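First the structure, in the form of structure tokens, and then the observations on it.
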Amino acid sequence: MRIVTTTIGFGSPNKANSYSAHGSALGAKEVEATGKNLGWAHEAFHVPDDVKKHWSRHISQGKVVETEWNEKSVAYENKYKEDATELKAIISGELPVDWEKALLTYTPEIPGDATRNLSQ
């Protein structure tokens, strides 16, 4: 297990590690201040050539890993057909047949209750 600690809004001089960095846009002034704070002298959304070159070196490795994944996926499908079908549905976001029948139904005749009680 690896534990990774991050700071939301890292580099933002006025919003780092605050709820406002998570729930809303930084805003133009704070984006500019963050760029200065991090030493980022490029326009918004610009990826410098040296950065592209650095990350592009991983493309061939990614192709190898993807090929391995696809081979393992086919082997899994062949060995566990039903489970593989269910996994594909979960990954694609496809809902099971008759999923809506599992939903709770409430009518005006049912007395109100706290949501913490209804989820038990």
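Remember, it's a predicted structure, so these values are computed and weren't measured experimentally.
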What pair of heavy atoms forms the shortest contact from Ser92 to Ala89, and how long is it?
OG-O, 3.2 Å
With side chains defined as the heavy atoms from C-beta onward, is the minimum distance between Val51 and His54 less than 4.5 Å?
no
Only counting residues at least two apart or in another chain, list the ones meeting side-chain contact (heavy atoms from CB on, under 4.5 Å) with Asp50.
Pro48
Taken in chain and number order and not counting sequence neighbours, the residues that satisfy side-chain contact (heavy atoms from CB on, under 4.5 Å) with Ser18 are Lys15, Ser20, Ala21
Taken in chain and number order and not counting sequence neighbours, the residues that satisfy ring pair (Phe, Tyr, Trp, His ring centres under 6.0 Å) with Tyr76 are Tyr80
Cut-off 3.5 Å, no hydrogens considered: what does the side-chain donor-acceptor table look like for residues 26-39, sequence neighbours left out?
| unit_1 | atom_1 | unit_2 | atom_2 | d |
| --- | --- | --- | --- | --- |
| Glu30 | OE1 | Asn14 | ND2 | 2.8 |
| Glu30 | OE2 | Ser12 | OG | 2.5 |
| Glu30 | OE2 | Asn14 | N | 2.8 |
| Glu32 | OE2 | Lys36 | NZ | 3.4 |
| Thr34 | OG1 | Glu30 | O | 2.7 |
| Asn37 | ND2 | Gly11 | O | 2.5 |

Could you list all the salt bridge (Lys or Arg N to Asp or Glu O under 4.0 Å) pairs where at least one residue sits in residues 73-85, not counting sequence neighbours?
Glu77-Lys88
Name all residues meeting the side-chain contact (heavy atoms from CB on, under 4.5 Å) criterion together with Lys52; count only those two or more places apart in sequence or in a different chain, and write none if there are none.
Val47, Asp49
Taking only residues at least two apart or on different chains, which pairs with a member in residues 5-32 satisfy ring pair (Phe, Tyr, Trp, His ring centres under 6.0 Å)?
none
Glu94: side-chain hydrogen bond (donor to acceptor under 3.5 Å, both in side chains) partners, not counting sequence neighbours:
none
Compile the donor-acceptor pairs under 3.5 Å between side chains in residues 62-74 and protein atoms, sequence neighbours left out, one pair per line.
| unit_1 | atom_1 | unit_2 | atom_2 | d |
| --- | --- | --- | --- | --- |
| Thr67 | OG1 | Lys63 | O | 2.9 |
| Asn70 | ND2 | Glu66 | O | 3.3 |

Residues forming a ring pair (Phe, Tyr, Trp, His ring centres under 6.0 Å) with Trp55, sequence neighbours excluded
His58
Connected-component partners of Leu103 among ILVMFWY, side-chain separation under 4.5 Å
Leu95, Trp99
Kindly write out the residues that satisfy ring pair (Phe, Tyr, Trp, His ring centres under 6.0 Å) with His46, not counting sequence neighbours, or none if the list is empty.
His42
